[in-house]
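Any value given below was found using the heavy atoms of this structure, including those in side chains, with hydrogens, waters and symmetry copies removed. Predicted model only: the values in this text are computed from it and were never measured.
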Amino acid sequence: MNGAPSLLQDLDDAIARGTDESRAKALWHATDLLITGRYVDDEISMFGEVIGRLADEIEVAARAQLSELMAGCDHAPLNVIEKLALDDEIEVAGPVLRDSTRIDEKVLVESAMTKGQAHLLAIAQRNAIGEAVTDVLVKRGNQEVVTSVARNEGARFSGSGLLHMVRRAEGDSILAEQLGLRKDVPRHIFQQLISKASEDVRRRLETERPEMMSQIQSSVTGVTGDLQSKFGPSSRSYFVAKRVVTTQYRQGNLNQVSISNYARQHRFDEVQIGLSLLSSLPVDVIERALMDRNREMILVLCKALDFSWETTMSLLFLGAKDHLITARELHDNERDFGRLKIETSRSILKFYQSRKNSAGTDPATGRQPELQVH
């Protein structure tokens, strides 16, 4: 539209010498022209200056109407969008916070950090929300906000954001279920979630997410025939190892140092029996954790027992094929281990223990061993 600059100059002049009524008419005229026309960026910016000046002088109801129009405009001036999004009145800010594709993520973060719960709820209902924004929503939002963003399939969460959601889901069955239904929740986060969830939520998630629950269950109870044939408890060496390690445990001498030494000597039986006694988990579960290509469970177990990274690394090498691990894989495991929290890992461990409590007492000790940290 070649005449846009001239027209906007005329509007600007009219604003300077006009009445409130004429300014209002100028606002809606400029808005209609913007929405229905095609303009280059410089012209859109000029529209923004005019509309922005007029928006400063109109009442809440008129600003709310302007927000509705701007929210649906794919070339709305950025300064106008920002002004509306940061308005204290939710009637004004809501439409652009929910629907505008022109709003900058920094503006969303600013609004989420400084405005009230109604503003946060509007942001939580957007079609797409980035991690920087959801990080703020899950920390500042009330129950309605957090549940809404958990239900939003277009929301993306950082690892820390998901962990914060898990903590908030404790005692909140609605949030726990909505979070558990998300397809983008990784398995280790899902494990933490169900370890803290009520039985009702677990049952619903077993129905809605059978594939995820079966993976978790297989980590707890499954062990392949190959593993059992290779490391099964039927060999004489296994019973010798069990007698030695159980005696060591009863005397109070089984600890991180002894586990690390066994691992470095590639004494697999002693390691799995020792970890079983220290963690109160059955030997077949420990065996699976050590041998599983997915190292999440062994990392969680080591963190729950407050093992050092050096000890954890020796266990990773013990379970690796040919006792070899690439530098990249080792780096990734060290990073993941560093991110784990002891308290959270122990919650997961308790969940594993509860799933296996029907196994009864260990015949080697005559009782269920307690979780110990050395």
Side-chain angles (χ1 to χ4, degrees), residues 82 85-88 90 93-101 103-198 200-202 204-205 208-209 212-213 216 296 299-300 303 335-348 351:
E82 180 175 351
L86 297 177
D87 197 294
D88 289 336
I90 186 58
V96 294
L97 289 177
R98 276 190 301 270
D99 300 320
S100 177
T101 58
I103 194 166
D104 187 86
E105 186 172 70
K106 292 181 180 179
V107 176
L108 290 173
V109 170
E110 181 178 352
S111 176
M113 292 181 67
T114 60
K115 303 301 180 182
Q117 294 300 318
H119 288 67
L120 271 64
L121 181 60
I123 297 171
Q125 295 168 344
R126 291 179 61 80
N127 287 336
I129 316 173
E131 293 181 2
V133 181
T134 58
D135 278 350
V136 181
L137 294 179
V138 301
K139 291 176 183 176
R140 290 200 67 231
N142 60 18
Q143 183 183 37
E144 184 180 12
V145 170
V146 176
T147 303
S148 178
V149 76
R151 188 181 293 119
N152 189 336
E153 295 182 0
R156 295 293 171 260
F157 296 91
S158 66
S160 62
L162 284 173
L163 288 173
H164 198 85
M165 291 277 276
V166 170
R167 288 194 290 271
R168 294 200 59 169
E170 291 187 56
D172 186 340
S173 59
I174 295 176
L175 177 58
E177 184 174 358
Q178 290 299 325
L179 188 57
L181 291 174
R182 292 189 63 88
K183 297 297 191 290
D184 59 345
V185 172
R187 190 174 72 166
H188 69 281
I189 297 292
F190 191 86
Q191 286 177 321
Q192 296 180 38
L193 178 67
I194 61 173
S195 73
K196 300 171 183 291
S198 67
D200 286 344
V201 170
R202 288 179 190 171
R204 287 196 292 272
L205 290 177
E208 299 292 335
R209 300 294 306 279
M212 186 69 85
M213 292 298 290
I216 302 300
E296 290 172 2
L299 293 178
V300 168
K303 181 64 73 167
R335 178 200 61 203
D336 294 341
F337 181 76
R339 289 175 177 173
L340 288 171
K341 304 297 182 185
I342 292 179
E343 181 181 354
T344 303
S345 298
R346 287 177 178 171
S347 295
I348 298 174
F351 172 71

Quick one: list whatever passes salt bridge (charged side-chain N to carboxylate O under 4.0 Å, His left out) with [X], sequence neighbours left out.
X	value
Asp172	none
Arg204	Glu177
Glu208	none
Arg209	Glu211

Please enumerate all residues that pass side chain to side chain donor-acceptor pair (under 3.5 Å) together with Ser158, with sequence neighbours excluded.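 Scan of Ser158 (side chain to side chain donor-acceptor pair (under 3.5 Å), adjacent residues dropped) gives Asp135, Ser160.
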Using the test side chain to side chain donor-acceptor pair (under 3.5 Å), find all partners of Ser347 that sit at least two apart in sequence or belong to another chain.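 So Ser347 forms a side chain to side chain donor-acceptor pair (under 3.5 Å) with Lys196.
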Which residues pass the side chain to side chain contact (heavy atoms under 4.5 Å, CB included) test with [X], sequence neighbours left out?
X	answer
Arg126	Ile103, Leu108, Ile123, Ile129
Glu82	Leu86, Val107
Ser198	Asp200, Val201
Ile342	Lys303, Asp306, Arg346

With rounding to the nearest 0.5 angstrom, report the [atom1] to [atom2] distance, [X] to [Y].
X	Y	atom1	atom2	value
Leu97	Leu120	CG	CG	9.5 Å
Glu153	Leu181	CD	CG	10.0 Å
Met165	Leu193	CE	CG	9.5 Å
Ile189	Phe157	CD1	CZ	11.5 Å
Leu163	Arg168	CG	CZ	14.5 Å

Is a donor on one side and an acceptor on the other found under 3.5 Å between the side chain of Arg98 and the backbone of Leu121? no
Short question: side chain of Arg151, backbone of Gln178 - any donor-acceptor pair under 3.5 Å?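 No; judged by distance alone, with no hydrogens or angles, the pair does not exist.
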List the steps and the verdict of side-chain contact (heavy atoms from CB on, under 4.5 Å) for Arg182 and Leu179. CA-CA 5 Å; Arg182 292 189 63 88; Leu179 188 57; 4.1 Å; yes
Please name the pair of heavy atoms, one in [X] and one in [Y], separated by the smallest distance, quoted to 0.1 Å.
X	Y	result
Asp184	Ala155	OD2-O, 3.9 Å
Ala93	Ala85	CB-O, 3.5 Å
Phe351	Ile194	CZ-CD1, 3.6 Å
Arg202	Ala197	NE-O, 3.4 Å

With salt bridge (charged side-chain N to carboxylate O under 4.0 Å, His left out) as the rule and sequence neighbours excluded, what pairs involving residues 105-125 come up?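 Non-adjacent pairs meeting salt bridge (charged side-chain N to carboxylate O under 4.0 Å, His left out): Asp88-Lys115.
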Sequence neighbours left out, what pairs pass salt bridge (charged side-chain N to carboxylate O under 4.0 Å, His left out) with at least one residue falling in residues 139-150?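 Qualifying pairs: none.
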Leu137 and side chain to side chain contact (heavy atoms under 4.5 Å, CB included): which partner among Val109, Asn152, Val149, Val146? Val149
Walk me through it: do Thr134 and Arg156 pass the test side-chain contact (heavy atoms from CB on, under 4.5 Å)? CA-CA 7 Å; Thr134 58; Arg156 295 293 171 260; 5.8 Å; no
